[in-house]
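Read the structure below first, then the notes.
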Amino acid sequence: MMTKGHTLSFFVTLVLVSSFISISAAAQQSTPQLTLASYRVPAAEPVIGEQQSYLPEAPSQHRFWDGKNTFLFASVAALSASDFAVTHANLASGGRELNPIVRPFAGNTALLATNFVAQTAGVVMVSYVFHKTGHHKLERLAPVANVASSAFAVAYGLSHR
């Protein structure tokens, strides 16, 4: 014996099934049948062949002693020598060293010259480490920063004679 609730659910199920059957029958009439023979498999790409990279290109590797670095290191050496000359002249005429790291070397000309040579060698070494680790922008930035600071030191030393 069916209750009212069962009768209603049976009727709803019957309507849904019949509508699904009519929709699928209409779909079969409007679309062609796909068979295995009508399906085309796309051609496979070769595993070995042209290498396509979807990553951005890495910066090109350059030699360490290329033209740009040679110019930058020559500029570092020239401005370091100028900084030494201006600092030495200012110290000889009664001035004082403002850089607290260099101040202990200010009383001895040989130590002061050694400091500036070591500073130049240090810039080249830091730049070389950046070059070897693939940080080519930092490789160029290290001498540029030293050139800027040495140029400021020379200008300041010349203006305060």
Side-chain angles (χ1 to χ4, degrees), residues 16 20 23-24 26-161:
L16 288 175
F20 178 72
I23 290 172
S24 61
Q28 285 180 354
Q29 291 173 358
S30 64
T31 59
Q33 283 288 348
L34 290 178
T35 61
L36 195 54
S38 66
Y39 183 72
R40 292 187 183 179
V41 178
E45 293 183 24
V47 176
I48 300 175
E50 288 186 40
Q51 182 179 4
Q52 292 181 347
S53 175
Y54 299 104
L55 298 175
E57 288 188 26
S60 62
Q61 183 72 0
H62 63 91
R63 291 186 2 237
F64 179 68
W65 287 104
D66 62 352
K68 287 181 182 179
N69 276 350
T70 302
F71 174 75
L72 287 171
F73 297 143
S75 300
V76 166
L79 279 168
S80 186
S82 300
D83 192 7
F84 166 73
V86 169
T87 301
H88 182 64
N90 284 346
L91 290 173
S93 64
R96 66 185 185 100
E97 176 60 53
L98 298 178
N99 186 346
I101 297 171
V102 180
R103 196 173 294 144
F105 309 122
N108 188 338
T109 303
L111 285 177
L112 189 64
T114 303
N115 170 63
F116 282 103
V117 169
Q119 177 184 349
T120 303
V123 169
V124 174
M125 285 191 312
V126 166
S127 185
Y128 184 73
V129 168
F130 284 143
H131 173 78
K132 279 302 193 185
T133 57
H135 297 91
H136 298 291
K137 288 183 181 180
L138 292 176
E139 167 192 354
R140 307 257 196 231
L141 186 64
V144 167
N146 185 269
V147 163
S149 67
S150 291
F152 176 77
V154 168
Y156 185 85
L158 289 174
S159 66
H160 288 87
R161 285 188 149 195

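Between H135 atom NE2 and S127 atom OG the span is 12.5 Å, to the nearest 0.5 Å. In this structure, CG on N99 lies 10.0 Å from CZ on F105, to the nearest 0.5 angstrom. To the nearest 0.5 Å, atom OG of residue S82 and atom CG of residue L79 are 5.5 Å apart.
In this structure, the side-chain contact (heavy atoms from CB on, under 4.5 Å) partners of S75, at least two apart in sequence or on a different chain, are F71, V147. In this structure, the side chain to side chain donor-acceptor pair (under 3.5 Å) partners of T87, at least two apart in sequence or on a different chain, are D83. With sequence neighbours left out, F73 forms a ring pair (Phe, Tyr, Trp, His ring centres under 6.0 Å) with F64, W65. The side-chain contact (heavy atoms from CB on, under 4.5 Å) test applied to T109 returns F84, H88, not counting sequence neighbours. Scanning for side-chain contact (heavy atoms from CB on, under 4.5 Å) contacts around R103 gives R96, E97, P100, with sequence neighbours left out. With sequence neighbours left out, S80 forms a side chain to side chain donor-acceptor pair (under 3.5 Å) with T120.
Smallest separation of non-hydrogen atoms from V126 and A142: CG1-CB, 4.2 Å.
Among residue pairs with one or both ends in residues 131-151, those qualifying as salt bridge (Lys or Arg N to Asp or Glu O under 4.0 Å) are D66-R140; sequence neighbours excluded.
The shortest side-chain heavy-atom distance between N146 and Q119 falls under the 4.5 Å cut-off. Contact annotation: the side chain of H62 approaches that of N69 to within less than 4.5 Å [non-hydrogen atoms, C-beta and beyond]. Looking at H131 and R63, their side chains never come closer than 4.5 Å, going by heavy atoms from C-beta outward.
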May I have the step-by-step check of side chain to side chain contact (heavy atoms under 4.5 Å, CB included) for T133 and L138, ending in yes or no? CA-CA 10 Å; T133 57; L138 292 176; over 6 Å; no
Tabulate below the donor-acceptor pairs under 3.5 Å that side-chain atoms of residues 152-161 make, not counting sequence neighbours, or state none.
from : atom 1 : to   : atom 2 : distance (Å)
S159 : OG     : A155 : O      : 3.2
S159 : OG     : Y156 : O      : 3.0
H160 : ND1    : Y156 : O      : 3.0

